[in-house]
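Scroll down for the structure; my scribbles are underneath it.
In this chain, residues are counted from 1 in sequence order.
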Amino acid sequence: MDAERDQQLAAPHAGTTVTSVIPALNEARNIGWVLSRLPDCVDEVVVVDGRSTDGTIAAALRARPDSMIVHERSPGKGAALRAGFARSSGDVVVMLDADGSMDPAEIVRYVAKLRDGYDLVKGSRFLPSGGTTDISRLRNIGNLALLAVANRLYRSAFTELCYGFMAFRRDVLRRLALTADGFEIETQIVANALRAGLRVAEVPSFEAERRSGTSNLRIVRDGSRVLRELLRARRCAGDAQRAADPRSADRWSFDRALVVERPASAAQS
Ligand SMILES: Nc1nc2c(ncn2[C@@H]2O[C@H](COP(=O)(O)OP(=O)(O)OP(=O)(O)O)[C@@H](O)[C@H]2O)c(=O)[nH]1
Ligand SMILES: [Mg+2]
């Protein structure tokens with residue numbers, strides 16, 4: 001059902017240009033698969049290479065000769081994404097991984113939701129018709145724990161936290177105030193969007209196993225970075241609130257900023 005709808009949405013959208021930003025570190029065996037499946041609505045492709053040694057850039061250019069290749073020497077997915085965002089020129093920026101675990105055809109869902117008026121659209125593997133075959137038991141527990149912390153700190157109702165398929169209107173980039181270097185960039189995007197009062201939606205997404213190669217994520221190291229980021233962003237939000245109005249220190253609420261949209265099937269159940 002979702003795949004059928006995605007196909008209908010895949011045509012270029014008049015008036016909305018789309019940039020895909022794809023961080024890649026030694027993904028030569030995967031990136032061609034990703035680039036060759038980008039839907040027609042994608043106008044610009046930015047591949048951010050992190051000093052790959054396996055021919056990732058050549059593989060990207062073979063699959064998509066019009067790709068812009070950005071060389072980011074600082075290590076980390078966050079540093080790579082920030083470099084890619086800075087070089088993108090579309091009205092809409094969609095970030096996805098280069099390992100083939102995310103289906104590029106889903107991009108149209110994100111773009112359609114942004115066109116409905118949202119500022120940031122995040123994928124969720126845990127909404128109905130989303131899913132994953134790529135999450136270990138340990139990662140699942142970590143993800144759920146961090147999600148619970150995030151929802152409590154931000155009074156939000158997200159179903160997902162650590163997932164890198166997301167899209168936003170490029171004109172909100174400055175308000176996202178991104179500084180993260182590592183995998184915590186995904187958390188920072190969401191937390192800062194809420195702080196900035198942006199309209200956020202979730203859409204279902206399916207994550208498969210990476211097509212080949214090994215993960216760059218380390219559960220303890222990167223989980224702690226995500227937790228630190230959540231706490232830091234919340235503290236900054238509280239400081240900003242106190243500075244604006246010392247009497248309202250305990251009344252900070254993100255509720256007005258948050259719109260989590262669920263598919264109709266979830267709303268009915
Ligand atoms: N440029 C750049 N890209 C990176 C870096 N670290 C990770 N990436 C890319 O970021 C994306 C996500 O990294 P993964 O290693 O797949 O992390 P993961 O999805 O948690 O791990 P898997 O479940 O094994 O896929 C992939 O496209 C990586 O190639 C980096 O330091 N520089
Ligand atoms: Mg991956």
Side-chain angles (χ1 to χ4, degrees), residues 18-40 42-90 93-107 110 123 125 131-136 138-139 142-143 162-167 178-189 205-226:
V18 178
T19 300
S20 282
V21 175
I22 305 175
L25 179 59
N26 293 324
E27 303 283 9
R29 295 175 64 187
N30 305 321
I31 195 160
W33 184 93
V34 175
L35 296 185
S36 61
R37 280 165 181 75
L38 291 171
D40 291 345
V42 173
D43 304 279
E44 180 180 61
V45 179
V46 178
V47 174
V48 189
D49 179 63
R51 299 206 230 186
S52 297
T53 52
D54 68 344
T56 292
I57 296 176
L61 290 172
R62 258 197 315 277
R64 182 89 191 209
D66 63 340
S67 300
M68 181 196 302
I69 307 291
V70 174
H71 301 271
E72 176 52 64
R73 301 182 73 78
S74 306
K77 182 180 182 181
L81 283 171
R82 289 190 291 110
F85 297 158
R87 300 296 296 275
S88 60
S89 65
V93 176
V94 186
M95 55 189 256
L96 76 163
D97 291 350
D99 62 359
S101 55
M102 297 157 179
D103 180 358
E106 289 181 5
I107 285 175
Y110 295 73
R125 297 165 287 183
T132 174
T133 51
D134 187 39
I135 195 160
S136 65
L138 192 57
R139 272 207 203 184
N143 192 40
C162 304
Y163 188 52
F165 206 165
M166 277 195 262
L178 301 176
T179 54
D181 286 330
F183 282 97
E184 72 282 6
I185 185 89
E186 294 148 7
T187 302
Q188 187 176 66
I189 290 173
S205 179
F206 187 84
E207 179 198 40
E209 283 165 44
R210 57 163 44 250
R211 289 178 60 77
S212 79
T214 50
S215 178
N216 294 286
L217 185 127
R218 300 284 166 271
I219 294 179
V220 175
R221 177 198 67 185
D222 295 307
S224 333
R225 290 179 73 129
V226 167

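- Other residues, nucleotides and ligands place no more than 12 heavy atoms under 6.0 Å from the CZ atom of Arg87.
- Applying the salt bridge (charged side-chain N to carboxylate O under 4.0 Å, His left out) rule to Asp49 yields no partners; only residues at least two apart in sequence or on another chain are considered.
- Judged by distance alone, with hydrogens and angles left aside, the side-chain atoms of Asp54 form a donor-acceptor pair with the main-chain N or O of Ala28 at under 3.5 Å.
- Between Ala60 and Leu35 the shortest heavy-atom distance is O-CD1, 3.5 Å.
- From Ser224, atom OG reaches atom CZ of Arg218 across 13.5 Å, with rounding to the nearest 0.5 Å.
- Side-chain N or O atoms of Arg82 include one that pairs as donor or acceptor with a backbone N or O of Ala180 at under 3.5 Å.
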What do the steps show when you test Met95 against Ile22 for side-chain contact (heavy atoms from CB on, under 4.5 Å), and what is the final call?
CA-CA 6 Å; Met95 55 189 256; Ile22 305 175; over 6 Å; no

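- Side chains of Thr179 and Gln188: a donor-acceptor N/O pair is present below 3.5 angstrom, by distance only.
- Rounded to the nearest 0.5 angstrom, Phe85 CZ and Ile185 CD1 are separated by 6.0 Å.
- Side chain of Asn143 to main chain of Cys162: a donor-acceptor pair is present (N/O by atom type, distance under 3.5 Å, no hydrogens or angles).
- Asp97 contributes atom CG, which lies 8.0 Å from atom CD of Glu207 (distance to the nearest 0.5 angstrom).
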Carefully, step by step, assess Lys77 and Leu25 under the rule side-chain contact (heavy atoms from CB on, under 4.5 Å).
CA-CA 9 Å; Lys77 182 180 182 181; Leu25 179 59; over 6 Å; no

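- Residues Glu186 and Val226 are not in side-chain contact: their nearest non-hydrogen atoms beyond the backbone lie 4.5 Å or more apart.
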Could you go through the side-chain contact (heavy atoms from CB on, under 4.5 Å) check for Leu96 and Ser20 one step at a time?
CA-CA 7 Å; Leu96 76 163; Ser20 282; 4.3 Å; yes

Please evaluate residues Glu27 and Arg210 with respect to the criterion salt bridge (charged side-chain N to carboxylate O under 4.0 Å, His left out), reporting the C-alpha separation (whole Å), side-chain torsions for both, the decisive distance (0.1 Å), and the verdict.
CA-CA 10 Å; Glu27 303 283 9; Arg210 57 163 44 250; 3.0 Å; yes

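- In terms of modelled atom types and a separation under 3.5 Å, the side chain of Asn30 and the main chain of Ser212 share a donor-acceptor contact.
- A 4.5 Å side-chain heavy-atom check between Arg51 and Arg73 finds at least one atom pair inside the cut-off.
- In this model, a donor atom of one side chain and an acceptor atom of the other lie less than 3.5 Å apart for Arg139 and Ser215.
- Under a 3.5 Å cut-off, the side chain of Thr56 and the backbone N or O of Ser52 do not form any donor-acceptor pair.
- Counting heavy atoms of neighbouring residues, nucleotides and ligands inside a 6.0 Å radius, atom CZ of Arg221 exceeds 12 of them.
- For the pair Leu38/Ile107, a side-chain contact is recorded, criterion being any heavy-atom separation below 4.5 Å from C-beta on.
- How far CZ of Phe183 is from CZ of Arg225: 10.0 Å, rounded to the nearest 0.5 Å.
- Side-chain contact check for Thr132 and Asp134: no donor-acceptor pair (N or O, by modelled atom type) lies under 3.5 Å.
- The side-chain heavy atoms of Arg125 and Ile135, taken from C-beta on, include a pair separated by under 4.5 Å.
- Expressed to the nearest 0.5 Å, how far CD1 of Ile219 lies from CG of Leu217 amounts to 7.0 Å.
- Checked by atom type, the side-chain pair Thr19/Asp43 shows no donor-acceptor distance below 3.5 Å.
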Applying side-chain contact (heavy atoms from CB on, under 4.5 Å), run through Asp103 and Phe165 and close with a yes or a no.
CA-CA 9 Å; Asp103 180 358; Phe165 206 165; 5.6 Å; no

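- Taking the side chain as every heavy atom from C-beta outward, Val94 and Val21 never approach each other to under 4.5 Å.
- Side chains of Glu44 and Ser89: a donor-acceptor N/O pair is present below 3.5 angstrom, by distance only.
- Under the 3.5 Å distance criterion, with hydrogens and angles disregarded, a donor-acceptor pair is assigned to the side chains of Ser205 and Glu106.
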